[in-house]
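Remember, it's a predicted structure, so these values are computed and weren't measured experimentally.
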Amino acid sequence: MALIEIEHLSKHFKLLNRREGLKGAFLDLFSGNYRTVKAVDDISFSIDEGEIVGYIGPNGAGKSTTIKMMTGILQPTEGKILINGIEPYSNRISNARRMGVVFGQRTQLWWDLPVIESFKILKEIYAVDDQTYRQQMALFEDLIGLKKLYPVQVRTMSLGQRMLCDIAASFLHQPKVVFLDEPTIGLDVSVKARIRDVIRELNRTQNITIILTTHDLGDIEALCQRIIIIDKGKLLFDGPVQRVNQLFGVYRTFKAQIFDYNDTTLDRLKALVQDRFADPDAVHVEENENFWTDIIINQEKAPLREVLNLVMSKFELEDIRIVEISMENVVQKIYDGALL
C-alpha cells in the first residue's frame, strides 16, 4: 500500500532579477523584472509503507524542496501530494504528528538541557502515552545505550552521540514516515556503521517508511532497496539500488596530488593513460582544485592497481586518496544514457 503518493508535482519560485549598486537597489523596489526558477518540475512517484528509499542528487537538484513539500513546509505550484492519505500543506499539524525528521546539521534536542529532558518534552509535544514512551525508551536503550546519555547536556555531546539521540528522538512517537537528511555527515566510519544499524533495526521492528537524502553512496548501499535520483528538478531514475550498483559500483576515483605540478602536468597525465588504455571509458582524467587531479577508473576495464602503478611510475606524488564515484559523476553518466 502506498504511503506517499506524488503526481506531477512542481514547485516554481519567482525571483527578482536584481541590479547592481545603490541606484539599482532603488529601481528594484519598483521593478517587475522577474524570472521563474523550476526547483521541482513535474515529478511523479509513490512509496509503499515500510520502504527505505534513497532520494538523491547533486546540490541544487530539488531534493530539499521536495522534502519541504512532503513535510508541509511548502505548498506545490502544481500537482498532487498525499502523505498517509492527507495533503501535508493543508493539514500541517496532523501531518507533523505522523512524521519524524532528522537534519544532519541541526538538532531537535534542547541545547542546554540534559538529553532525558528533551525526550520528556518531545513526549508531551507529540502526546505520546506513558506505555509507548517506556517501550520506545527501552528500545533505544537496547540499540544505542541511551540511558548512559540521559544526564549529558546536549551541547557537550560528540557529533556521533548527538546524531544517535536525534535519530532516536525522531522515532519516539512511532511516526509513519521519517525523513533523514544527511544523517551520517561528518562522522567516522564506526559511528556511521552504528547509525546505519539503528536505522535498519527501527525500520524492521516498527515498519516505518524512511526517506534518505545523502551524498554518501555508502549509506544508500547499506540501507536502501530503491533509489530515486533527481537533478535540475526532474526525475532521472527510479528503480532498484542494485541497478545503480551494477553500473557504478565498479568506478573508483583515484585522487592524486602531483609534486611540482605545472601547466603541462595534466596533458602529460592524459596522454599517459590514453596510450595505455585505448577505451576512453576505462580511465578519465579531470583537474581538481588545490592541485589535486581526479582519475576516474572503471575497474572492469582498467584495474585500480594497474592505474596506480602506471601513474606512480611516471609522476612523483605528494598524496593520494581512493574514493567512490561522486554523485555528480553518477548523474552525469545517467545523462549520458548509462541507465537507459
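Enclosure of atom CZ in Arg200 by more than 12 non-hydrogen atoms of other residues, nucleotides or ligands within 6.0 angstrom is indicated. A 6.0 Å sphere centred on CG of Leu22 holds no more than 12 heavy atoms belonging to other residues, nucleotides or ligands. In Lys314, the NZ atom is not crowded: 12 or fewer heavy atoms of neighbouring residues, nucleotides or ligands sit closer than 6.0 Å. Around NZ of Lys38, the count of heavy atoms belonging to other residues, nucleotides or ligands within 6.0 Å does not exceed 12. Other residues, nucleotides and ligands contribute over 12 non-hydrogen atoms within 6.0 Å of the CZ atom of Arg35.
Between Phe119 and Phe140, the angle of the ring planes lies from 30° to 60°, which puts this pair in the tilted group.
Closest non-hydrogen pair, Val241 versus Cys224, comes out as CG1-O, 3.1 Å. Here the closest heavy-atom approach between residue Ile220 and residue Gly54 is recorded as CD1-CA, 3.7 Å. A pairwise comparison of heavy atoms in Leu212 and Ile56 identifies O-CG2, 4.5 Å as the closest pair.
Ion pairing between Glu7 and Lys80 holds under the 4.0 Å rule for side-chain N and carboxylate O. Using a 4.0 Å cut-off between charged side-chain N and carboxylate O, Asp41 and Lys11 make no salt bridge.
Both Leu172 and Tyr150 are members of a single hydrophobic cluster when ILVMFWY side chains are connected at heavy-atom separations under 4.5 Å. Transitive grouping of hydrophobic side chains (ILVMFWY, heavy atoms separated by less than 4.5 Å) keeps Leu9 and Leu82 in distinct clusters. Taking hydrophobic clusters as Ile, Leu, Val, Met, Phe, Trp and Tyr residues chained together by side-chain heavy-atom distances below 4.5 Å, Val177 does not share a cluster with Ile86.
Between atom CD of residue Gln174 and atom CD of residue Gln136 there is a gap of 4.0 Å, rounded to the nearest 0.5 Å. Rounded to the nearest 0.5 angstrom, Lys147 NZ and Ile116 CD1 are separated by 9.5 Å. Here the CE-CZ distance, from Met137 to Arg134, works out to 12.0 Å after rounding to the nearest 0.5 Å.
Looking at Asp42 and Ser10, their side chains never bring a donor and an acceptor atom within 3.5 Å of each other. Checking Thr253 against Asp294 by side-chain atom types alone, no donor-acceptor pair falls below 3.5 Å. A side-chain N or O of Asp129 and one of Thr132 form a donor-acceptor pair less than 3.5 Å apart.
By the 6.0 Å and 45° rule, Arg162 does not stack over the aromatic ring of Trp111. In this structure, Lys63 fails the cation-pi test against Tyr55, since its NZ or CZ atom is not both closer than 6.0 Å to the six-membered ring centre and inside 45 degrees of the ring normal.
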